[in-house]
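Contents: one structure, followed by commentary.
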Amino acid sequence: QVRLVESGGGLVQAGGSLRLSCAASGSIFSIDRMGWYRQAPGKQRELVATIISDRTLNYADSVKGRFTISRDNAKNTVYLQMNSLKVEDTAVYYCNAEGRTGILSPLSMYWGQGTQVTVSS
């Protein structure tokens with residue numbers, strides 16, 4: 001099994017910054033894609049940003065130019081630097097990873113437990 005542990009959430013004023021981290025551990029053979037999703041109260045979970053092992057990046061339009069995703073493959077860790085935060089960025093942020101536990105194992109998706117980000121006006 002693969003376990004994802006997030007950290008770095010909290011309360012910040014609008015215009016401020018936060019950095020989220022997510023470390024993967026367990027029976028990891030390879031991780032192809034890592035990313036961040038978020039879910040605000042009463043809304044569906046939505047993609048924030050993803051990074052593939054070849055460094056291909058993808059961002060939601062709402063965070064482009066403000067958020068930066070990066071990855072340390074040696075540590076199986078993904079980061080999300082969030083700048084110029086807005087009230088509408090308030091949500092629970094979930095780490096996501098797609099990977100394999102063995103060379104013949106199927107590609108599986110894993111989720112972290114979520115970390116709260118609250119942006120006050």
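Quick note: residue numbers are just sequence positions, from 1.
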| query | Charged N to carboxylate O under 4.0 angstrom, Asp61 versus Lys64? | reply | yes
| Exercise: identify the closest heavy-atom pair between Met34 and Cys22 | CE-O, 4.3 Å
| Ile103: hydrophobic cluster co-members (side-chain, 4.5 Å) | Phe29, Leu104
| message | Please give me the minimum heavy-atom distance between Ala91 and Gln116, naming the atom from each residue. | response | O-NE2, 3.4 Å
| Contacts of type side-chain hydrogen bond (donor to acceptor under 3.5 Å, both in side chains), residue Thr56, not counting sequence neighbours | Asp54
| Distance from Glu98 atom CD to Tyr110 atom OH, nearest 0.5 Å? | 10.5 Å
| query | Do you know the tightest heavy-atom contact between Gly16 and Val12? | reply | CA-CG2, 3.8 Å
| field | Leu85 with Tyr37, same ILVMFWY side-chain cluster at under 4.5 Å | value | no
| remark: Those residues at least two apart in sequence (or on a different chain) that pass side chain to side chain contact (heavy atoms under 4.5 Å, CB included) with Ala14 are Val119
| request: Please check if Tyr59 and Trp36 belong to a single hydrophobic cluster, counting links between Ile, Leu, Val, Met, Phe, Trp and Tyr side chain heavy atoms closer than 4.5 Å. | output: yes
| Close side-chain approach of Ile31 to Arg71, heavy-atom, < 4.5 Å | yes
| field | Reported CD1-to-CD distance for the pair Ile28 and Gln1, which is rounded to 0.5 angstrom | value | 11.0 Å
| message | Are Val78 and Cys95 packed together at the side-chain level, in the sense that at least one heavy-atom pair is separated by less than 4.5 angstrom? | response | yes
| query | Ala60: what forms a side chain to side chain contact (heavy atoms under 4.5 Å, CB included) with it, not counting sequence neighbours? | reply | Ser62, Val63
| remark: Contacts satisfying disulfide bond (SG atoms under 2.5 Å apart) that involve residues 24-69 (not counting sequence neighbours) are none
| field | ILVMFWY cluster, Trp111 and Leu47 together (side-chain gap under 4.5 Å) | value | yes
| query | If you take all heavy atoms of Leu80 and Ala49, which pair is closest and at what distance? | reply | CD1-CB, 4.3 Å
| query | Could you walk me through whether Ser25 and Val5 pass the side chain to side chain contact (heavy atoms under 4.5 Å, CB included) check? | reply | CA-CA 8 Å; Ser25 62; Val5 178; 5.5 Å; no
| query | Atom CD1 of Ile51 and atom CG of Asp32: how far apart are they, to the nearest 0.5 Å? | reply | 12.5 Å
| Residues in ring pair (Phe, Tyr, Trp, His ring centres under 6.0 Å) with Phe67, at least two apart? | none
| remark: CG (Leu107) and OG (Ser30) are apart, to the nearest 0.5 Å, by 7.5 Å
| said: Quick check: closest heavy atoms across Glu6 and Gly114, and the distance to 0.1 Å? | reply: OE1-N, 2.7 Å
| message | I want to check something: taking the side chain as every heavy atom from C-beta on, are Val2 and Asn76 in contact at a cut-off of under 4.5 Å? | response | no
| said: With a 4.5 Å cut-off on side-chain heavy atoms, are Asp72 and Tyr79 touching? | reply: yes
| said: To the closest 0.5 Å, what do you measure between CG (Asn83) and CZ (Arg66)? | reply: 9.0 Å
| field | Crowding at CD, Glu88 (>12 non-hydrogen neighbours, <6.0 Å) | value | yes
| said: Applying the side-chain contact (heavy atoms from CB on, under 4.5 Å) criterion to Met82, which one of Ile69, Leu18, Val48 satisfies it? | reply: Leu18
| query | Just wondering, do Arg3 and Gln113 contact through their side chains at under 4.5 Å, heavy atoms? | reply | no
| query | Can you find a heavy atom in the side chain of Arg45 that is under 4.5 Å from one in the side chain of Val92? | reply | no
| Interatomic spacing from CG in Asn58 to OG1 in Thr50 - rounded to 0.5 Å | 4.0 Å
| request: Measure across Ile52 and Arg33 and return the closest heavy-atom pair with its distance rounded to 0.1 Å. | output: CG1-CG, 4.0 Å
